[in-house]
Structure formats: C-alpha cells, structure tokens
Asks: 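The structure is given below, and queries will be raised subsequently.
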Amino acid sequence: MLISKFCETDFSSYEDFKARFEIRVPENFNFAYDVMDELAATKPDARALVWCDDKGGEVTLTFGDMKRLSDKAASMFASYGIAKGDVVMTLLRSKYQYWICALALHKLGAVLVPATHQLVEKDLKYRFNAAGVKAVVAVGDARLLAAIDNVKAETPTLKHRFVVGAASEGWIDFDAAMEAASAEFVRPTGEMATTNDDLMLMYFTSGTTGMPKMVVHDFRYPLGHILTAKFWQNLQPGDLHFTHADTGWAKTSWGKIYGQWISEAAIFVYDYENKFKPTDLLHVIEKHKVTVFCAPPTVFRFLIKADIENYDLSSLRHCCIAGEPLNAEVYNKWKEITGLELREGFGQTETAVLIANFPWIAAKPGSTGRPSPHFNVKLIDENGDEVEPGDEGEICIDISNGRPAGLTCGYYKNPEKTAEIMYDGWYHTGDMAWMDEDGYLWFVGRADDVIKSSGYRIGPFEVESALVEHPAVLEAAITAVPDPERGQIVKATVVLVKGYTASDALKKELQDHVKRTTAPYKYPRIIEFVDEIPKTFSGKIKRAEIRKNDGK
C-alpha cells in the first residue's frame, strides 16, 4: 500500500503503536504529486470522490480523473499568472470542484485558503487584505458574489475571480476555463518546486478577542493526518468515508482529503444548500453505503432523535466524533441502535489528531482517549510542569526537539501571536484536560471556558452531559455569568425536545437532575430556554457568543 512509504501500519497494541509509530517525511514532499498522482498511476480506475447534492446531482471521480482534472486546473491557474507562493481563497461550500482546486494549487505551490461561503463583506475584505489574496474561487451564490464584488476596489491584491455555477459578469467560469486548459502539466523544478518548508495551507480561525488569526501549515501537514485517518477513523483501501463538514472549515482537511486518500479510501461528499436535515443525512448514508462516518456529537444527537429505525445503516462499520466532547447518553444510544461505538478524537485547526480512541483501546464514554504517538502530548500546569493523574492541565505538545509533521508553523505574519502558543519548548493548545490512572484523557474545556465559582473549577462539558441525559433536553450549552458573591455562576442555555414546554417547574427539575447526576455545586443557577444554540458550521458551540449576548 502507498501508506507504507510513510509509516508502519501493523501494531499489536496501543503500547506497540505508541513505541514504534513514526512518520517518514520524504524530501520535498508534495501531496498532490506524491500521493494523488501516484494513486492515479497505480489504481487509476479506483473511485476517489463520490459527490451528491440535495437536488439529485451525483458525480463520481476516480484517482485517474483527479490527476487529469487537477492538471488541467493547474494549467488554467498558471495561465492567469498564479504561481508558487500566491494566495488563493476558495469559498465553495461542498462543491466537488474544491478538491480539484486544492490539488491544482498544491501542484503550483500556491497557498490554499479555504473559507466558508457564509462570510459577509466585512469578513471578506479583512481576509483578502490580511492574507494578500490574489484569486478567489467562489460558489455561484448571488449574495456571496455581490459581496466580493463590493469589496474588490478595497482589496488591491485580488486580481482574479473564478465562479463555480451560475455565470456572473466579470467572473471567470471555472469549469469552462478548466475544460479549455491543457491536460499536460509538468511538476515544476528549480525555484518553482515546492519544499517541505513552503506554506501550503492557511485557515482563518477566530478566538475570543481580536480579529481572526491565520493558521498556516507547510507541505508536511498532510502526513500528520495519517494518524487521523488510518488510526482513528480506521480507514482501509476502498472504504467510503463521510466526514460531515463544509470545505470552508479545517474539518475538511481532517476528514475529507489528506489522510483519507493516503489511506486509499474514497471520500463521500454531501453538498446541501438548505438547513441540515437529519433524515436527509440518513438517506444518503443508506443509499451510497457509506462505511465510515465522522461528525460532531450534535449531529449524532439529531440522528438518534430522527426516524433512524427506518433507515438501513448496515454498511457502516466504524463511527467517530470530534468538535465537541461526547457524552455517555449519545454514545450508549448510538451503540444500542447501530451496534457501533463512537470513537472520540481531539485536535485543532493547528494540528492533526492529538488524542483519540484508537483501535487497540477500550472506549470509555466521555473520555477523549489516549495521546497520539508522533505528537508528544503532555498535560502541563502554569509553571510548565507535568501534572499528576487526576489533576487538570493544559494539553501541550513537546516541540523541544522540533516541530512534528501535522503541527502548524504558527500564525501568518504574526510572530507575536505565534510566540503566545509556542514557547519554552511547548506548543500550547489552550485546552484543559485531566488524565485518569489508565492514561485516558478527559476534556474539560477551553482554558477561558472553565468556570471558577466559589473556589470550584467547573468544566462546561460535564454539566452539559448531565443536562442532555434528561429526556426534555435536546441540546445544552454551559457558560459562566459574573456574580458579585461567587465570582462566576453556571448558566445553561437549553433547547428542549419537541413536546416539552419551558417553565419555572422544568427549570427546577433540570437543576435537581444535575445535582443528582454530578457534583451538586455544578448545577446551573440560571437556565435560559432557546430555540437554537449558536454553533459553528462544524458543530462547535459558540460559548463566546453566548457570553457576549449575556453582556448586552
């Protein structure tokens, strides 16, 4: 198998995996050539991408197709002057052209910047100027195209606008231009060839303060996702893998391109325009016989509460979750319905998978799993010392001997912010966890999400888990509210299951339920019932947004 060029794959236990796993990084590695073109040469007719949308459209592309189309796209981009080091943004939702663009830009050595199509004028203007975007490839959405047109005069680096879908004045038809381009594209040499240290990929990521930062990855980055795909998602050649994510988010790099194709699996893509419908997701999994499925816990919670018994999910052999910690209620219900465990994993836009429930270990519902090899993960206190089992610490990566493949280079054009996450020989994730006596890590929350009330430290996840065990609760988000006596108190923002009505009596019932389910001091003193909890497109709760709205 191709993956054997980069690592060993046969391990007898987690301990063996931890001791012997190593990623071999070739000189001047380029994923587009050294993985995809290699697969096109050795298995050209094997399917690489299975795409469908919510209007009945379907496209299947083989590895041979991906080489041909990415060569044509690279020729087309080059004809417009796009070359090594140029920055190109894609705003393509889940159009299959994203994967063609990504490979073409990697071949050229251009920097790919995936972004969400939901951005508005202010967002676009900031991103175009901050990254020095030279070209944009956008889905043919009238609102999005107009927003880009409206900021073009204030974004001097933006030279070319490509559109996928409906033609628009002043825009280049991506499909037509690609079709007209040459299918002969030769790997650049000399100064135009890529090196391992060149920038390949950039994501804008928002924090609790300031403008979004630009996370950058070099050409080693895809190899870090061998851990993600082969050993957490448990992919085999020929699998059809479905990660529920839009191409504008880093979850696509985690679950829909690099590690999956290195593992010789096919990628499944469901492109829908309207609001997420659990039954539509169940339908495409059944119809296309998806074998491995990954999504945030929120998605699994909705699937469980849909008419899941009416769908044949027997093609699934492995399921995993990321984005938010998993509570035992969802884990147990999914296993009861499908017979499959949900294998949790943890990482960031800045990393590949750092902690996961790997194949050799028994899953503990609620635990993120055990540390990945390759990344030397430790829990560190404020003094830089490793904490004892049972104590909370920040999840950090030891970089004293160098930066491993799959870890960010830092923040683009921002050495000060980079220095805030990489110092004293550690990469600091800003996420808190504790380790039990068996070596399993239990996620607590972002360092700035942990609630400090009357001397107690309360992680939001443990209270959310308690709440969603109650039959009335569909979703819950826990945040801190300032309090003059206790410093902070716990607030629960709750979405109710259909059939339940918000009332003071139900608030009291939920508070008592939390007191019975977990330590009583953690119970939410404030409960707000809402129709919807603010989340990112990838399913993460926007706790900062809830806190901000509380302050209004």
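Everything quoted here is computed from the prediction, not taken from an experiment.
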Asks: Measure the shortest side-chain to side-chain distance between I489 and I526 over non-hydrogen atoms and say whether it is less than 4.5 angstrom.
Replies: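 They are in contact (side-chain heavy atoms under 4.5 Å apart), so the answer is yes.
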Asks: Check the pair F17 / L227 against side chain to side chain contact (heavy atoms under 4.5 Å, CB included), numbers first and verdict last.
Replies: CA-CA 11 Å; F17 178 48; L227 284 162; 3.7 Å; yes
Asks: Got a donor-acceptor contact below 3.5 angstrom from the D86 side chain to the L105 backbone?
Replies: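 No.
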Asks: Please tell me whether D239 and Q233 have a donor and an acceptor in their side chains that are separated by less than 3.5 angstrom.
Replies: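 No, no side-chain donor-acceptor pair sits under 3.5 Å.
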Asks: Do you know which two heavy atoms are closest between D391 and V387, and how far apart they sit?
Replies: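 It is O-CG2, 3.5 Å.
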Asks: Within 45 degrees of the axis of the six-membered ring of Y411 and under 6.0 Å from its centre: does K213 put its NZ or CZ there?
Replies: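 Verdict for Y411: a cation-pi partner in K213.
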Asks: Which heavy atom in A477 sits nearest to a heavy atom in I546, and how many Å separate them?
Replies: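 Smallest heavy-atom distance, with atoms named: CB-CD1, 3.7 Å.
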Asks: Could you tell me whether R93 and D271 have a side-chain N and a carboxylate O separated by less than 4.0 Å?
Replies: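 D271 and R93: salt-bridged.
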Asks: Considering only heavy atoms from C-beta outward, does the side chain of E350 approach that of T205 to under 4.5 Å?
Replies: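 They are in contact (side-chain heavy atoms under 4.5 Å apart), so the answer is yes.
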Asks: Give the intermediate values and the outcome of salt bridge (charged side-chain N to carboxylate O under 4.0 Å, His left out) for residues R403 and D218.
Replies: CA-CA 11 Å; R403 182 172 50 83; D218 61 23; 3.0 Å; yes
Asks: Does the pair T252 and Y98 meet the rule for a side chain to side chain contact (heavy atoms under 4.5 Å, CB included), with working shown?
Replies: CA-CA 10 Å; T252 286; Y98 170 81; 3.9 Å; yes
Asks: Is it the case that the side chain of E392 and the backbone of V444 share a donor-acceptor pair, with hydrogens and angles ignored and the cut-off at 3.5 Å?
Replies: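 No, the answer is negative, given that no donor and acceptor are paired below the 3.5 Å cut-off.
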Asks: Check this for me, if you would: do K251 and D246 make a salt bridge, where the nitrogen-to-carboxylate-oxygen distance has to be below 4.0 angstrom?
Replies: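 D246 and K251: not salt-bridged.
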Asks: About how many Å separate CZ of R127 and CG of L158, when rounded to the nearest 0.5 Å?
Replies: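 The CG atom of L158 sits 14.5 Å away from the CZ atom of R127.
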Asks: Run the ring-centre check on Y258 versus H106 and record whether the distance is less than 6.0 Å.
Replies: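 Distance test on ring centres: under 6.0 Å, yes.
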Asks: With side chain to side chain contact (heavy atoms under 4.5 Å, CB included) as the criterion, how do Y203 and L201 come out once you've worked through the C-alpha distance, each side chain's angles and the decisive distance to 0.1 Å?
Replies: CA-CA 7 Å; Y203 279 104; L201 181 68; 3.6 Å; yes
Asks: Please report the shortest heavy-atom distance between S70 and L103, naming the atom on each side.
Replies: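 Taking S70 first and L103 second, the nearest heavy atoms are CB-CB, 3.6 Å.
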Asks: Should H225 and W261 count as side-chain neighbours, where that means a heavy-atom distance under 4.5 Å?
Replies: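 Heavy-atom side-chain distance check fails, nothing below 4.5 Å.
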Asks: Tell me whether K84 contacts the main-chain N or O of A193 through its side chain, where contact means a donor paired with an acceptor under 3.5 Å.
Replies: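 Checked: pair present.
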Asks: Does a side-chain heavy-atom distance below 4.5 Å link F174 with L92?
Replies: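 The answer is no; the side chains never approach within 4.5 Å.
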Asks: Are the side chain of T243 and the backbone of G255 linked by a donor-acceptor contact shorter than 3.5 Å?
Replies: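 Here the side-chain-to-backbone pair exists.
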Asks: Below 6.0 angstrom between ring centroids: does that apply to H428 and Y423?
Replies: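 Yes, the ring centres sit under 6.0 Å apart.
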Asks: Can a donor-acceptor pair be found, under 3.5 Å and without considering hydrogens, that links the side chain of N30 to the backbone of K107?
Replies: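 Flag not set: sc N30 to bb K107 has no pair under 3.5 Å.
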Asks: Does atom NZ of K125 have more than 12 heavy-atom neighbours, drawn from other residues, nucleotides or ligands, at distances under 6.0 Å?
Replies: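 Not more than 12 within 6.0 Å, no.
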Asks: Is there side-chain contact between F31 and I257, with heavy atoms separated by less than 4.5 Å?
Replies: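 Yes, their side chains come closer than 4.5 Å.
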Asks: Report the relative orientation of the aromatic rings in Y272 and F276; use parallel for angles under 30°, tilted for 30 to 60°, perpendicular for over 60°.
Replies: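 Answer is tilted, since the angle falls between 30° and 60°.
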Asks: Identify the heavy atoms of E22 and C7 that sit nearest to each other, and give their distance.
Replies: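 Nearest pair, atom of E22 first, then C7: O-CB, 3.4 Å.
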Asks: Whether the side chain of N196 engages the backbone of R220 through a donor-acceptor N/O pair (distance < 3.5 Å, no angle test) should be reported.
Replies: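 Answer holds: no.
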Asks: Working note: D398 + S400, criterion side-chain hydrogen bond (donor to acceptor under 3.5 Å, both in side chains); need CA distance, chi angles, decisive distance, verdict.
Replies: CA-CA 6 Å; D398 184 350; S400 59; 2.6 Å; yes
Asks: Using the ring pair (Phe, Tyr, Trp, His ring centres under 6.0 Å) definition, which of the options F268, W51, Y270 pairs with F242?
Replies: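 Between F242 and the candidates, ring pair (Phe, Tyr, Trp, His ring centres under 6.0 Å) is satisfied uniquely by F268.
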Asks: Might you point out which heavy atoms bring M214 and A130 nearest each other, and give the distance in Å?
Replies: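 It is CE-O, 3.6 Å.
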Asks: Give a yes or no on whether the backbone of A265 and the side-chain of S263 come within a donor-acceptor separation of less than 3.5 Å.
Replies: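 Side chain of S263 to backbone of A265, a donor-acceptor pair under 3.5 Å: no, none is there.
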Asks: Between V299 and F293, does the side chain to side chain contact (heavy atoms under 4.5 Å, CB included) criterion hold? Intermediate values first, please.
Replies: CA-CA 11 Å; V299 170; F293 179 52; 4.3 Å; yes
Asks: Does some side-chain heavy atom of I267 sit less than 4.5 Å from a side-chain heavy atom of W99?
Replies: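 SC-SC contact between W99 and I267 confirmed.
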Asks: Verify, without hydrogens or angle tests, whether E464 (side chain) and I478 (backbone) share a donor-acceptor contact under 3.5 angstrom.
Replies: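 Judged by distance alone, yes, a pair lies under 3.5 Å.
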Asks: Under 6.0 Å between ring centres, would you say that holds for F375 and Y427?
Replies: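 No, too far apart.
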Asks: Please check this pair: side chain of T157 against backbone of V133, looking for a donor-acceptor N/O pair closer than 3.5 Å.
Replies: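 Judged by distance alone, yes, a pair lies under 3.5 Å.
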Asks: First locate atom CE of M422, then atom SG of C396, and finally report the distance between them rounded to the nearest 0.5 Å.
Replies: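 The CE atom of M422 sits 11.5 Å away from the SG atom of C396.
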Asks: Nearest 0.5 Å please: distance from the CZ atom of R547 over to the CD atom of Q488.
Replies: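 Between R547 CZ and Q488 CD, I get 8.5 Å after rounding to 0.5 Å.
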Asks: Given side chains that start at C-beta, do those of P373 and F231 come closer than 4.5 Å, heavy atoms only?
Replies: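 No; the side chains remain at least 4.5 Å from each other.
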Asks: Do T247 and P114 touch side chain to side chain, with heavy atoms closer than 4.5 Å?
Replies: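 A side-chain contact is absent here, since even the closest heavy-atom pair is not under 4.5 Å.
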Asks: Where the side chain of H374 meets the backbone of A405, is there a donor-acceptor pair that is under 3.5 Å apart?
Replies: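 Yes, H374 side chain to A405 backbone: donor-acceptor pair under 3.5 Å.
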Asks: Taking all heavy atoms of T298 and all of E475, pick out the closest pair and write down the distance.
Replies: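 That closest heavy-atom pairing would be CG2-OE2, 3.2 Å.
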Asks: Any chance you could measure I421, atom CD1, to W426, atom CH2, to the nearest 0.5 Å?
Replies: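 Reported to 0.5 Å precision, the distance equals 15.0 Å.
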Asks: Would you compute the distance between atom CD1 of I533 and atom NZ of K542 and round it to the nearest 0.5 angstrom?
Replies: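 If we round to the nearest 0.5 Å, I533:CD1 and K542:NZ are 13.0 Å apart.
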Asks: Distance check, rounded to the nearest 0.5 Å: D385 atom CG versus L379 atom CG?
Replies: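 One gets 13.0 Å once the value is rounded to the nearest 0.5 Å.
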